[in-house]
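Basis for what follows: all heavy atoms, side chains included, without hydrogens, waters or symmetry-related copies.
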Amino acid sequence: MTISTGSAAERERTRPAVVEQTLRPGQDARRPPVKAWLQPALVSLVVVAAFIACYVGLQRAPQPHQVPIAVTGSSLPGEIQQVLGDAVDVHPAADAATAHLALERHDVVAALGTAAPGHLKLEIAGAAGASTTSAVSTLVDAYARRTGAHVTTVDVLPLAKHDARGLVGFYLAFGVSLAGFVLGSNVLGLAGVMRLRHRFFLLIGTSAAIGAVGALVVGPVLGAAPAPLVPLIFVLALLAIATAFTTKLLGALLGPIGLPVTTLLLLTVGNATSGAVIGADLLPSGARAVSALLPPGAAVRGIADLSYYNGSHLGGPVLTLAAWATLAGILLSLRPRLIRRRAAVA
């Protein structure tokens, strides 16, 4: 592991932290450059515009796109696909038991079959989120009205008692992301007083504590997430580590605008597209593309899988979070060497 070199005073002078300075009596009070006025103002305006655009814009008119539904029967799958088009992604199932299993494994968000002539049975997973289940019910009702069928809807995977709106995953991921961001931004200012490996220990240890606190509060204390405690701690700790290391990396590389960029990338875009407030299948194409690739979206999927689907698809979210944390850690480790190399060449 590479450690910071030089005296504490030298490191303090070169660290990428923003230190507020005041003019001493008698010091020349020249007019600040235009950049000093524009940068804070423009960054603030971009942040507020992006935040409102993401959270309000994505909820304005969500449209279902390729929502996965298991459908049984010989002709029903083709009819559903033909009538509903690209709004659904029909998964033909051999029988009702197979469709139900696909729903329990989170391979689909609903299962549809014929209960009797002229009667359809729709099984939904409330755990998939209110926006997704509402969209599926609306689509199936539209098909039923067109064909004159009656639909019976059953929620086979309801949300936890204390998560009636299905937003616990969002608030949990947002809270842990925010804590990781605060941790990373504070450690960013410790380059002058703490060696690199010690800062790494601080980031990792505190991130683990953040994950533990989040899991304990949302699980045993509030009873809002039925996920197993230890795996949930692991996922939340990975989210905190990924956020903290990315925050420190972007702050070190980009200087004063590093923290606003992190705010936009992780706290704003990442949480808005996570799929917890608006289901991922209802997001615009651009938002769907990044949803599972950013740490908050990966964490929301991991939380849902642990809480309601027995961790059936936990591998993807864990790998995504681990990749963010590992890549940021590697780049932070290499940065001092690159700085010294450039200084030697110069």
- Note on the structure: Sorted by chain and number, sequence neighbours left out, salt bridge (Lys or Arg N to Asp or Glu O under 4.0 Å) with Arg146 holds for none
- Any Gln66 side-chain heavy atom under 4.5 Å of Arg288 side chain: no
- Query: Say you draw a straight line from CG of Leu250 to CG of Leu264; how long is it, rounded to the nearest 0.5 Å?
  - Reply: 11.0 Å
- Task: Kindly indicate whether the side chain of Leu265, heavy atoms from C-beta on, has any atom under 4.5 Å from the side chain of Val269.
- Result: no
- Item | Nearest non-hydrogen partners of Ala173 and Pro296, listed with the distance | CB-O, 4.3 Å
- Query: Heavy atoms, side chains only, cut-off 4.5 Å: are Leu249 and Arg335 in contact?
  - Reply: no
- Query: Side chains of Leu120 and Leu76: closer than 4.5 Å at any heavy-atom pair?
  - Reply: yes
- Task: Write down the atom of Leu58, the atom of Ala272, and the distance for their closest heavy-atom approach.
- Result: CD1-O, 3.6 Å
- Between Val235 and Val318, which heavy-atom pair has the shortest distance, and what is it? CG2-CG2, 4.5 Å
- Mind checking salt bridge (Lys or Arg N to Asp or Glu O under 4.0 Å) for Asp89 and listing every partner two or more places apart, or none if nothing turns up? none
- Under a single-linkage definition using a 4.5 Å side-chain heavy-atom cutoff for Ile, Leu, Val, Met, Phe, Trp and Tyr, are Leu84 and Val108 assigned to the same hydrophobic cluster? no
- Item | Close side-chain approach of Leu202 and Leu190, heavy atoms under 4.5 Å | yes
- Leu319: which other cluster members, linking ILVMFWY side chains closer than 4.5 Å, directly or transitively? none
- Query: How far apart are the C-alpha atoms of Thr153 and Lys121, what are their side-chain angles, what is the distance that settles it, and do they pass the side-chain contact (heavy atoms from CB on, under 4.5 Å) test?
  - Reply: CA-CA 6 Å; Thr153 303; Lys121 181 180 180 181; over 6 Å; no
- Listed partners of Ala227 passing side chain to side chain contact (heavy atoms under 4.5 Å, CB included), at least two apart: Leu232, Leu306, Ser307
- Message: Check for me, please, whether Leu254 and Val47 land in the same ILVMFWY cluster - side-chain distances under 4.5 Å, paths through other members count.
- Response: yes
- Evaluate the side-chain proximity of Tyr308 to Leu159: yes if any heavy-atom separation is below 4.5 Å, no if none is. yes
- Task: Please report the closest heavy-atom contact between Ala240 and Ile210, naming both atoms and the distance.
- Result: CB-CG2, 4.0 Å
- Worked check of side-chain contact (heavy atoms from CB on, under 4.5 Å) between Thr152 and Leu122: CA-CA 6 Å; Thr152 300; Leu122 175 64; over 6 Å; no
- In this structure, which one of Thr138, Leu139, Thr132, Asp281 forms a side-chain contact (heavy atoms from CB on, under 4.5 Å) with Pro64? Leu139
- Message: Which residues pass the side chain to side chain donor-acceptor pair (under 3.5 Å) test with Asn271, not counting sequence neighbours?
- Response: none
- Item | side-chain contact (heavy atoms from CB on, under 4.5 Å), paired with Pro158, selected from Asp155, Val156, Val154 | Asp155
- Quick check: does any side chain N or O of Thr206 sit under 3.5 Å from a backbone N or O of Leu203, one acting as donor and the other as acceptor? no
- Task: Taking the side chain as every heavy atom from C-beta outward, state whether Val43 and Pro40 have any pair of such atoms under 4.5 Å apart.
- Result: no
- Message: Can you give me the closest heavy-atom contact between Leu196 and Leu332, atom names plus distance?
- Response: CD2-O, 3.9 Å
- Query: Side-chain contact, heavy-atom cut-off 4.5 Å: Leu229 with Pro220?
  - Reply: yes
- Item | Residues Arg301 and Ser291: side-chain donor-acceptor under 3.5 angstrom | yes
- If you look at every heavy atom in Ala244 and Leu183, which pair is closest and at what distance? CB-CD2, 4.0 Å
- Message: My understanding is that only residues two or more places apart in sequence, or in another chain, count here; which of them pass side chain to side chain contact (heavy atoms under 4.5 Å, CB included) with Thr98?
- Response: Ala93, Ala94, Asp95
- Flag yes if more than 12 heavy atoms outside Phe174 fall under 6.0 Å of its CZ atom; otherwise flag no. yes
- How many angstroms lie between atom CD1 of Ile233 and atom CG of Leu216, to the nearest 0.5 angstrom? 5.0 Å
- Message: Is there a continuous path of hydrophobic side-chain contacts, each under 4.5 Å between heavy atoms, that joins Leu157 to Val140?
- Response: no
- Have a look at Leu172 and tell me which of Val218, Leu239, Val300 forms a side-chain contact (heavy atoms from CB on, under 4.5 Å) with it. Val218
- Item | Partners passing salt bridge (Lys or Arg N to Asp or Glu O under 4.0 Å) against Glu104 (at least two apart in sequence or in another chain) | none
- Residue pairs meeting ring-ring contact (aromatic ring centres under 6.0 Å, His included), one or both in residues 115-158, sequence neighbours left out, come to His119-His150
- Can you list every pair that meets ring-ring contact (aromatic ring centres under 6.0 Å, His included) and has a residue in residues 245-266, with sequence neighbours left out? Phe200-Phe245
- Can you get from Val277 to Tyr171 by hopping between Ile, Leu, Val, Met, Phe, Trp and Tyr side chains that sit under 4.5 Å apart? yes
- Message: Between Thr133 (side chain only) and Ile124 (backbone N and O only), is there a donor and an acceptor less than 3.5 Å apart?
- Response: no
- Item | With Leu266 via side chain to side chain contact (heavy atoms under 4.5 Å, CB included) - residues at least two apart | Thr243, Thr246, Thr262, Pro295, Trp324
- What residues, two or more places apart in sequence or in another chain, satisfy ring-ring contact (aromatic ring centres under 6.0 Å, His included) together with His106? Tyr309
- Task: Indicate if Leu293 and Leu283 have the same hydrophobic cluster label, given that clusters are the connected sets of ILVMFWY residues with side-chain heavy-atom separations under 4.5 angstrom.
- Result: no
- All side chain to side chain contact (heavy atoms under 4.5 Å, CB included) counterparts of Gln81, not counting sequence neighbours: Val88, Val90
- Item | Whether Ser274 side chain and Gly297 backbone form a donor-acceptor pair below 3.5 Å | no
- Message: Quick check for you: to the nearest 0.5 Å, what is the distance between Thr326 atom OG1 and Leu331 atom CG?
- Response: 11.0 Å
- Query: Roughly how far, to the nearest 0.5 Å, is the CG atom of Leu282 from the CD atom of Gln63?
  - Reply: 8.5 Å
- Task: Output the distance between atom CG (Asp163) and atom CG (Leu222), rounded to the nearest 0.5 Å.
- Result: 11.0 Å
- Query: How long is the span from the CD1 atom in Ile303 to the CZ atom in Phe170, to the nearest 0.5 Å?
  - Reply: 11.5 Å
